Asker: 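Take a look at the following structure, please.
Since the model is a prediction, treat every value here as computed from it, not as a measurement. Within every chain, numbering begins at 1; the chains are lettered A, B, ... in the order of the sequence lines, protein sequences first and strands thereafter.
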Amino acid sequence: DAGVIQSPRHEVTEMGQEVTLRCKPISGHDYLFWYRQTMMRGLELLIYFNNNVPIDDSGMPEDRFSAKMPNASFSTLKIQPSEPRDSAVYFCATGPSYNSPLHFGNGTRLTVT
Amino acid sequence: SQQGEEDPQALSIQEGENATMNCSYKTSINNLQWYRQNSGRGLVHLILIRSNEREKHSGRLRVTLDTSKKSSSLLITASRAADTASYFCATDAKETSGSRLTFGEGTQLTVNP
């Protein structure tokens, strides 16, 4: 079991550029979550999917953020255009069922200059 | 604000000592979970305690839950330098529909060799 795989591990980009973060969930996990972690706001839930369908995107900060899960083995979080305040560590986490413990990837550290 | 609030924010102890971290929350819950995060890594699930449970053990970890006080504690006995990490509580609130864990701000534990 390779665990939740996120790429890239680090991303440095300039303001205004498009950023795409990727996540490969653990096979068989029907729930996929995107979290953002900052010193100021802690760990925030952005959006989660169940069986590839977005269930709750109320945590997505604004229209610049979008997430997709085209199939059970892949999800993306896109920021377009990026801004310096988007700088954070973005985590993908998955779980096999409702309310099960989550398995986190190692995150993508995003720096927007 | 975060559903769970950890106390203390930071804790520094010597190897071999016990470490106790506390978590308070605001609403009724289905379960409460504790996670560990090593620097630069994703969160790792440690233990889950259901709302009808009062105490749970896993190796050197002991978790208690007091639903009347809306609080939980995590005790790490005979601490080791490798226990140095941030520890987070996460609550699954009853009022929210779907699956939505809310994380506290964490306690930074340092175990000095």
Asker: So which part of A:Ser58 gets closer than 4.5 Å to some heavy atom of chain B, the side chain, the backbone, both or neither?
Answerer: side chain
Asker: Are A:Leu32 and A:Leu77 linked, directly or through other ILVMFWY residues, by side chains that come within less than 4.5 angstrom of each other?
Answerer: yes
Asker: In Å and rounded to the nearest 0.5 Å, what is the CG to OG1 distance from A:Leu45 to B:Thr102?
Answerer: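 Rounded to the nearest 0.5 Å, the CG-OG1 separation comes out at 8.0 Å.
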Asker: Quick check on B:Arg50: does its CZ atom have over 12 non-hydrogen neighbours (other residues, nucleotides or ligands) under 6.0 Å away?
Answerer: no
Asker: Heavy atom to heavy atom, less than 4.5 Å: which residues from residues 104-111 of chain A reach chain B?
Answerer: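 Within residues 104-111 of chain A, near chain B: A:Phe104, A:Gly105, A:Asn106.
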Asker: I'd like to know if B:Leu109 and B:Val63 are part of one continuous hydrophobic network [Ile/Leu/Val/Met/Phe/Trp/Tyr, side-chain heavy atoms within less than 4.5 Å].
Answerer: yes
Asker: Quick check: is A:Tyr48 connected to A:Trp34 through a chain of hydrophobic side chains (ILVMFWY, heavy atoms under 4.5 Å apart)?
Answerer: no
Asker: Got a second to check how far B:Gln33's CD is from A:Ser100's OG, nearest 0.5 Å?
Answerer: 8.0 Å
Asker: A quick test of your reading: do over 12 heavy atoms of other residues, nucleotides or ligands sit less than 6.0 Å from NZ of B:Lys56?
Answerer: yes
Asker: For B:Arg80, is the CZ atom crowded, meaning more than 12 foreign heavy atoms sit under 6.0 Å from it?
Answerer: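 No, not enclosed.
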Asker: So does A:Asn71 have more than 12 non-hydrogen atoms from other groups sitting under 6.0 Å from CG?
Answerer: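 Yes, the 6.0 Å shell around CG holds more than 12 heavy atoms from other groups.
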Asker: Does one hydrophobic cluster hold both A:Val89 and A:Phe65, with members joined at side-chain heavy-atom distances below 4.5 Å?
Answerer: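 No, separate clusters.
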Asker: Determine yes or no for a side-chain-to-main-chain donor-acceptor pair under 3.5 angstrom, with B:Tyr35 supplying the side chain and A:Leu102 the backbone.
Answerer: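 Checking the backbone N and O of A:Leu102 against the side chain of B:Tyr35, a donor-acceptor pair under 3.5 Å is found.
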Asker: Tell me whether the count of non-hydrogen atoms from other residues, nucleotides or ligands lying under 6.0 Å of CD in B:Gln14 goes above 12.
Answerer: yes
Asker: Between atom OH of A:Tyr31 and atom CG of B:Leu101, what is the distance when rounded to the nearest 0.5 Å?
Answerer: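 Rounded to the nearest 0.5 Å, the OH-CG separation comes to 12.0 Å.
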Asker: What part of A:Gln37 is in contact with chain B, defined as an atom under 4.5 angstrom from a non-hydrogen atom: side chain, backbone, both or neither?
Answerer: side chain
Asker: State the CZ-CZ distance between B:Arg41 and A:Phe91, to the nearest 0.5 angstrom.
Answerer: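 It comes to 10.0 Å.
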Asker: Under a 4.5 Å heavy-atom cut-off, does chain A meet the side chain of B:Leu48, its backbone, both or neither?
Answerer: side chain
Asker: In terms of hydrophobic clustering (I, L, V, M, F, W, Y; side-chain heavy atoms under 4.5 Å; direct or indirect links), are A:Val19 and A:Met15 co-clustered?
Answerer: yes
